[in-house]
Amino acid sequence: VARRLSLIKHPECHSMAGGKAIEHLARAGNRQQYTFRLPMQQYRNCDFSFSGLQNLVNKAIIQKEKEEGIQEGELLSCVKDIAAAVQHVVAAHIIQRTYRAMLFCIKNSILPPKNATLVVSGGVASNQYIRKGLQTLANANDFAFLSPPPRLCTDNGVMIAWNGIERLRAGLGVLHSTDGIRYEPK
């Protein structure tokens, strides 16, 4: 969404990663200006998917670009409101699916009946809005809540890449064969 909104061009966000830019702009946005459906409501499981949401947001952006008479890549006047609405629905989706997972684990005795803990880490845990929502969920269900400080909540892709570096250094290899693999760095 940050890329589609061209937030790298926003004066407040030019040096921020996409998720950080969304969070920053959402603070000043009105999430009620846009309503995006929660993803995967027809599935009663714990899976996550944001592709349907991405399509809905893209359609809303295209509509606003037409209304404002601007081309793709130019900044919309409503980026803060879209950022707030997107951040809210993403948080709601994560919280809902996490709640289902908590209930599943309790029902199937995967977690202890007392002293269960919700651990939140990775890039999503650096978003204060999502983190607060998950902490509220944990508190409401008598779960302890553990999360590293936001500065230590790096993107999972970085952690996976670092694991690859360590495996390569240890001589463990990462792939058995690199035949047929195309690399496209961004």
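Along the sequence shown, residues carry numbers from 1. Bear in mind that the values here come from a model prediction, so they are computed numbers and not experimental data.
- Nearest heavy atoms, A138 versus A144: CB-O, 4.2 Å.
- Within the 4.5 Å cutoff, side-chain heavy atoms of F143 are placed close to those of L111.
- Judged purely by atom type and a 3.5 angstrom limit, E68 uses its side chain to pair as donor or acceptor with the backbone of S77.
- For the pair L137 and L134, the minimum side-chain heavy-atom distance is below 4.5 Å.
- Rounded to the nearest 0.5 angstrom, M102 CE and I110 CD1 are separated by 13.0 Å.
- Listed here is the closest heavy atom pair of P150 and S126: O-CB, 4.0 Å.
- Under a hydrophobic clustering in which Ile, Leu, Val, Met, Phe, Trp and Tyr are joined whenever their side-chain heavy atoms come within less than 4.5 Å, directly or via other members, M16 and V124 fall into different clusters.
- Side-chain contact between E12 and K80: present, with at least one pair of heavy atoms (C-beta onward) separated by less than 4.5 Å.
- Listed for the K64 side chain is no donor-acceptor partner under 3.5 Å among the backbone atoms of L76.
- Partners of E72 according to the side-chain contact (heavy atoms from CB on, under 4.5 Å) rule, which considers only residues two or more places apart in sequence or in another chain, are R4, E65.
- Looking only at side-chain heavy atoms (C-beta outward), I8 and C13 stay at 4.5 Å or farther from each other.
- The hydrophobic cluster containing L103 also contains F145, counting ILVMFWY residues as joined when their side-chain heavy atoms lie under 4.5 angstrom apart, directly or transitively.
- In this structure, F104 places its CZ atom where only 12 or fewer heavy-atom neighbours from other residues, nucleotides or ligands lie under 6.0 Å away.
- Distance check: L38 CG to L56 CG gives 11.0 Å after rounding to the nearest 0.5 Å.
- Under a hydrophobic clustering in which Ile, Leu, Val, Met, Phe, Trp and Tyr are joined whenever their side-chain heavy atoms come within less than 4.5 Å, directly or via other members, V89 and F48 fall into the same cluster.
- For R27, the CZ atom is densely surrounded, since the number of other residues' heavy atoms within 6.0 Å is greater than 12.
- Counting non-hydrogen atoms of neighbouring residues, nucleotides and ligands closer than 6.0 angstrom, the CG atom of N115 reaches no more than 12 such neighbours.
- Residue I22 holds its CD1 atom at 12.5 Å from NZ of K20, rounded to the nearest 0.5 Å.
- Remark: Q42 CD is packed, more than 12 non-hydrogen atoms of other residues, nucleotides or ligands lying under 6.0 Å away.
- One finds no salt bridge joining E23 and R131 here, because no Lys/Arg side-chain nitrogen approaches an Asp/Glu carboxylate oxygen to under 4.0 Å.
- In summary, of the residues considered (K66, K59, E67), a side chain to side chain donor-acceptor pair (under 3.5 Å) with Q63 occurs for E67 alone.
- Taking all atoms of both residues into account, the shortest heavy-atom contact from F36 to L53 is CB-CD1, 3.6 Å.
- Remark: H24 NE2 to Q128 CD distance equals 14.5 Å, nearest 0.5 Å.
- Hydrophobic clustering, with ILVMFWY side chains joined whenever heavy atoms are under 4.5 angstrom apart, groups F50 together with Y34.
- Sorted by first and then second residue, the pairs that involve residues 89-99 and meet side-chain hydrogen bond (donor to acceptor under 3.5 Å, both in side chains), not counting sequence neighbours, are Q41-Q96, N45-R97.
- Rounded to the nearest 0.5 angstrom, Y129 OH and I94 CD1 are separated by 11.5 Å.
- Side-chain contact check for V120 versus L146: every heavy-atom pair is 4.5 Å or farther apart.
- A heavy-atom distance below 4.5 Å is found between the side chains of V90 and V86.
- To the nearest 0.5 Å, the span separating CD1 on I130 from CD1 on I95 amounts to 8.0 Å.
- Within the 4.5 Å cutoff, no side-chain heavy atoms of Y43 are placed close to those of S49.
- S6 and E74 form no side-chain donor-acceptor contact under 3.5 Å, judged by distance and modelled atom types alone.
- Between D81 and R31, every side-chain heavy-atom pair lies at or beyond the 4.5 Å cut-off.
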